[in-house]
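In what follows, a structure is listed as structure tokens, so that the remarks can point back to it.
Keep in mind the model is a prediction, meaning the values are calculated, not measured.
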Amino acid sequence: MVKSVVLPASWHQEQLKDLCLYPGEYGLNSPAIPLSPDLPLYIRITDIDDDGRYLLQHRATVIYSGKQKLLQKNDLLFARTGATVGKTYLHQDTSYPTAFAGYLIRFVPNTAKIIPYFLFLYCHTAYYWNWIKIFKARSGQPGISADEYGKMLVPCPPIAEQHRIVEVLETWDKAIQLTRKLIEQKELQKKYLMQQLLTGRTRLKGFTAYWINTCLGTISNIYQPQTISTGDLTEKGYPVFGANGQIGFYNQFNHQTWQIMITCRGATCGTVNRTFGKAWITGNAMVINVDGHPEIDKLFLFYWLLSQNFCSIVSGSGQPQIVRSPLIKYHLHIPQNIEEQRAIASVLAFCDKEIYLLKQKLAKLEEQKKGLMQVLLTGKIRLAVKENK
């Protein structure tokens with residue numbers, strides 16, 4: 001049963017179809033093609049993230065027949081099938097013609113009844129997702145039709161109150177967008193510093209000693225640890241690291257100090273990762289252990305390996321893998337002076353700390369917005385509305 005929303009006296013509920021200008025409309029059943037300046041952009045389910053943002057890195061276009069109306073500002077798309085059913089996207093950027101795919105349904109909000117962004121925000125509340133959960137569970141292949149979406153009840157405050165709610169939540173949106181932008185800038189700054197400092201193109205003040213050429217097997221102990229089965233994993237204990245980072249816990253550890261790892265099996269082959277403290281590392285990762293090499297700073301080597309692309313040493317036609325031999329011979333050009341290694345690692349670690357703190361701030365802002373949405377969009381907390389004179 002869908003949990004009902006207890007609304008204030010001045011609010012009411014209406015079906016989605018009655019808040020929109022037209023019935024829900026399905027998208028095109030046409031394949032996407034690479035970007036072309038002469039064709040409309042093509043939005044598919046996979047182009048939308050969980051927050052309803054359009055993922056620009058996946059952009060594609062579509063051959064357009066003109067039978068379907070292109071997206072207009074404030075058109076709201078709903079994912080109708082698959083694991084992503086319920087995901088929404090509010091179209092805002094009309095600078096480029098845009099069509100949408102068949103697994104999406106378009107609704108056009110009637111702005112005399114509901115503010116499009118208010119409706120979009122409601123579609124991110126627990127009440128909305130509770131409704132989605134019930135309707136998508138009717139069959140093995142979850143899906144919600146345009147007709148079913150149209151019958152969804154939406155809480156509707158007076159338009160003036162909708163504007164006030166949107167105004168407050170947009171304040172959090174601006175703070176979130178600014179924080180995301182700062183994170184992107186810091187990540188680009190770190191990438192630039194890695195390109196400069198880890199290659200010797202830029203030297204830190206006070207360091208003039210020459211750099212050495214060596215091999216990874218000369219300055220580290222490279223090996224694959226013992227693998228444990230997924231059935232051995234526990235709910236608590238020491239973290240277990242495999243091909244995709246941490247995969248669970250185990251009641252034992254095979255490394256007492258933190259270690260550098262390179263994934264050596266599967267689709268993520270060549271990914272560099274690290275542990276923190278005592279941990280169990282499985283045979284799906286190759287350990288680059290420098291604990292017995294006092295001439296190498298471990299954190300410096302971690303950053304240096306992060307800057308590398310190991311595609312050239314990935315082998316295996318069916319299952320990608322990296323074996324020990326090419327890693328042993330892998331060439332490095334690094335500072336001879338360990339103090340310079342440590343100084344470089346310190347600069348990059350400071351970047352990581354800044355990024356980490358910004359991500360914490362972002363998570364807090366997003367959690368605050370989520371909490372506000374739950375109470376403002378359902379009338380649990382009311383906002384003062386200025387009366388028109």
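- Look at Arg59 and Asp47 and you find no salt bridge, because none of the NZ, NE, NH1 or NH2 atoms lies under 4.0 Å from a carboxylate O.
- Classified by interplanar angle (parallel below 30°, tilted 30° to 60°, perpendicular above 60°), the ring pair Trp304/Tyr330 is perpendicular.
- Panel note: side chain Thr271, backbone Thr268; a donor-acceptor pair is recorded below 3.5 Å.
- Hydrophobic clustering, with ILVMFWY side chains joined whenever heavy atoms are under 4.5 angstrom apart, keeps Val323 apart from Ile260.
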Margin query: Walk me through whether Asp75 and His91 qualify under side-chain hydrogen bond (donor to acceptor under 3.5 Å, both in side chains).
Written below: CA-CA 5 Å; Asp75 285 358; His91 190 63; over 6 Å; no

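- Both Phe118 and Leu383 sit in one connected hydrophobic cluster of ILVMFWY residues. Membership requires side-chain heavy atoms under 4.5 Å apart, directly or through other members.
- Using modelled atom types and a 3.5 Å distance limit, the side chains of Gln226 and Asn254 yield no donor-acceptor pair.
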Next item on the list: Please lay out, stage by stage, how Arg382 and Arg164 fare under the test side chain to side chain contact (heavy atoms under 4.5 Å, CB included).
Entry: CA-CA 10 Å; Arg382 307 289 299 280; Arg164 184 73 182 104; over 6 Å; no

Margin query: Run the ring-ring contact (aromatic ring centres under 6.0 Å, His included) test on Phe107 and Phe78 for me, step by step, so that the C-alpha distance in whole Å, both residues' side-chain angles and the decisive distance to 0.1 Å come before the verdict.
Written below: CA-CA 8 Å; Phe107 283 89; Phe78 291 81; 5.6 Å; yes

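- Between Trp131 and Tyr149, the ring-plane angle classifies as tilted under the 30° and 60° cut-offs.
- Below 30°, between 30° and 60°, or above 60°: for Tyr250 and Trp280 the angle between ring planes is above 60°, a perpendicular geometry.
- Residue Phe253 is tested with Phe276, Tyr238, Trp258 for a ring pair (Phe, Tyr, Trp, His ring centres under 6.0 Å); the sole match is Tyr238.
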Margin query: Let's go through His124 and Tyr89 carefully: what are the C-alpha distance in whole Å and the side-chain angles of both, what is the deciding distance for ring-ring contact (aromatic ring centres under 6.0 Å, His included) to 0.1 Å, and is it a yes or a no?
Written below: CA-CA 11 Å; His124 288 80; Tyr89 166 73; over 10 Å; no

